[in-house]
Each structure stands twice: as structure tokens, then as C-alpha cells.
Amino acid sequence: MNATRPAVILDCDPGHDDALAIAVAAGHAELLGITTVAGNVPLPLTTRNALAMVRVLGLDAPVHVGSPRPLVAEPRTAEFIHGASGLDGPELPADLGEPASRDAIGFIVDAVRARPGEVWLVATGPLTNVALALRTAPDLAELLAGISIMGGGVPFGNATPAAEFNILVDPEAADVVFRSGVRLIMAGLNVTHQWPIGPDERARIRAAGGRVAGFCADLLDFYGAAYARVFSGVPAGPLHDPIAVLALTHPQLFEVEPAHVVVELTGTHTRGMTLADLRGVRHDEAPNVELLTRIDAAAATELLVSTLATYG
Ligand code: RIB
Ligand code: CA
């Protein structure tokens, strides 16, 4: 299957891996716009960081500001991985532009209605904006080409033993999305952890040459050190978010299986868990998710290196 160039709105919470997702989306998709959500760091910083990546990459993609907090849950952030700025590591550009609007939901609704059946929502942060768009415009469920998320994990989490960060920050929003009936591709931790970016991969990226490759390698150096400190001791961070883009632009990199997945909202120890029914018995519930189960990590790394090199 050849790579396609889908029309994409990237909803994100930059975040180091979101930053790489922006680079991959701009390189391989028709990036209609970037919408920001509170997640890894508060909304003013995720928005500032999205604007910074637009400047670093030399993009003309508009940035629209979204929700400053989850639908119901109290805000939760991840400075322990991404640093106080949300993009610690390299120096960020000072001369940032301004957001195109402070109405991400309106942008999403208008853009999807303008191109029925063509636009994908790629979400690499908490699903607050996506849920609000689906609730604000119920016709979106029929008009979207689909939703591709980085989120969840089968069967493990990272923010808790059961829950992955993006889902745990806003489980109610995730529940709206998983029950929406929209075509849903899920890049959970079970596949993203197959793509750790360690010193060797970062050296490959640097060797690609160019300002952008160097900037991204600096981001990934910080990110890898954070993962070593918090999780494994190994200086390699899983490159979660770009996978939600690559699932659309390079589907040949993945193995996928249909699954019925629900979001736990009330469990004392399991709130935010994405529970997949993998029993293999006849379902009384039809699959609602295309669950990514495997990535060709070596090929994905080569693609990332060549993509970053094209920015110069
Ligand atoms: O659990 C990983 C996810 O949470 C990634 O999207 C990362 O950027 C954070 O948002
Ligand atoms: Ca993210």
C-alpha cells in the first residue's frame, strides 16, 4: 500500500513527541491546522509550543487554541517528562506568531463540514477538544473520515498501572470518542513502546544534518533522559505521537486488529483504563476500534530520519 496524503487536523499538547508528530504530519499529510489542548503542560504553554514548532519547521499551518481543562476531571500535567516549558531541551524561537483563533472547536467543525468525508482528526493529547467538537456538532460523526489517536494501552498504562496519560487526563472525553461510532484508529502504549528512540536513533537523526534534525535530536535527548529518570533507566523515550499520524500516511508500517474497547470511568484503581475485549469469543458488541498491534520500528526510524532531513 503506498503512503497516502490525508487531510489532517492535528489536535495536540506539545510535548516532545507531539512536536515530532507536527513535523511528520506537515511532511506527509495535508495539514489543515493545529489545535491545542491542555495536557502535558497548561494550555498557554502547549499553544506556545505549537507556535514554536510552526516557526522551527517553517510551516504556514494555523494554530487554534482549544480547551484549557478536561470536561470533568481536575487538570493533570506531565512536566516530569517534558520539563516546565513542555519542550525543554533546545532553545525555542522567541519571535513566535499569534494563534489564528481561540476557537479550536469552531475551526474543527467548519473544516470538517467544508470537506465531507475527507478530514481526519489526529489527536495526540487528551481528547477534550475532540469530544467537545463531537458534542457541539453531532453531524461530525458522519462527516469525519475518522479519528486517529495516540492514547490508551492494551493492557497497561503509564500514568497509572492501568491508564495511559492522554486518556487519564480526560476519561469522560475519551468515553465520548470511543462511543461516537466514528472510525477510530488507536495507537496505544502496546504499539508505541515498540518504537523507543535511544542514543543510536538520535545519532541517526543528527547525522541526517540540518537545523531541524538537530533541533529534534536535542528535543529527543531531553525526552530520553526524562524517560531514563522516571521509568526505565534507559535513555530512550517511546515516540508515541507520530504513530497516530503514520497510521494514516504509512499504514504499511503497522499490523492492526479490530477490537471492542471501552474506557473505564469509575474504577478506584482503573479509572482511565482502555479495556479491550480480546477474548476471541463472539462479541455482543461490534468492534469500535482499529487497534494498532505492531510497528516496523526500523522502517519508521528511517522514515523519521528522511522526513526531518527534508526540512533543512
Ligand atoms: O502517554 C503518552 C502521551 O501522553 C503522549 O501523547 C505524550 O505527549 C503525552 O501527551
Ligand atoms: Ca501528546
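Every value quoted in this text rests on a predicted model; they were computed, and no experiment measured them. Counting starts at 1 for both ligands and their atoms, following the listed order.
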Query raised in the report: Between Tyr227 and Phe231, what is the ring plane arrangement, given parallel below 30°, perpendicular above 60°, and tilted in between?
Result: parallel
Report task. Measure the acute angle between the ring planes of His193 and His240, then classify it against the limits of 30° and 60° as parallel, tilted or perpendicular. Result -> tilted
What atoms in ligand 1 come closer than 4.0 Å to a heavy atom of [X]?
| X | answer |
| --- | --- |
| Asp13 | 10 (O) |
| Thr124 | 6 (O), 10 (O) |
| Met150 | 2 (C), 3 (C), 5 (C), 6 (O) |
| Asp18 | 8 (O) |
| Asn158 | 1 (O), 2 (C) |

Is there a donor-acceptor contact under 3.5 Å from the side chain of [X] to the main chain of [Y]?
| X | Y | result |
| --- | --- | --- |
| Asp11 | Gly125 | no |
| Tyr223 | Leu87 | no |
| Arg69 | Val72 | yes |

Any idea which protein heavy atom is nearest [atom], and the distance to it?
| atom | answer |
| --- | --- |
| atom 9 (C) of ligand 1 | Asn40 OD1, 3.1 Å |
| atom 2 (C) of ligand 1 | Glu164 OE2, 3.3 Å |
| atom 8 (O) of ligand 1 | Asp17 OD1, 2.6 Å |
| atom 10 (O) of ligand 1 | Asn166 OD1, 2.8 Å |
| atom 6 (O) of ligand 1 | Asp241 OD1, 2.5 Å |

**Report entry** N, O or S of Asn166 under 3.0 Å from the Ca ion (ligand 2)
**Finding:** no
Requested in this report: Could you grab the angle centred on the Ca ion (ligand 2), going from OD2 in Asp241 to OD1 in Asp13, to 10°?
Outcome: 140°
Report task. Just to the nearest 10 degrees, tell me the angle at the Ca ion (ligand 2) spanned by Thr124 O and Asp18 OD2. Result -> 80°
Considering all heavy atoms of both residues, which atom of [X] and which atom of [Y] are nearest to each other, and what is their separation?
| X | Y | result |
| --- | --- | --- |
| Ala162 | Thr270 | CB-CA, 3.9 Å |
| Ala163 | Thr160 | N-OG1, 2.8 Å |
| Arg211 | Val56 | NH1-O, 2.9 Å |

Requested in this report: Select one of side chain, backbone, both or neither to describe which atoms of Thr192 lie under 4.0 Å from any atom of ligand 1, heavy atoms only.
Outcome: neither
Report summary line: Honestly, for Ile81 the part within reach of ligand 1 (heavy atoms, under 4.0 Å) is neither
Query raised in the report: Is any NZ, NE, NH1 or NH2 atom of the basic residue among Asp218 and Arg206 found under 4.0 Å from an Asp or Glu carboxylate oxygen of the other?
Result: yes
Report task. Applying side-chain contact (heavy atoms from CB on, under 4.5 Å) between His16 and each of Leu219, Ile197, Ile81, report the one that passes. Result -> Leu219
Requested in this report: Would you check whether His240 has a nitrogen or oxygen atom less than 3.5 angstrom from a nitrogen or oxygen atom of ligand 1?
Outcome: no
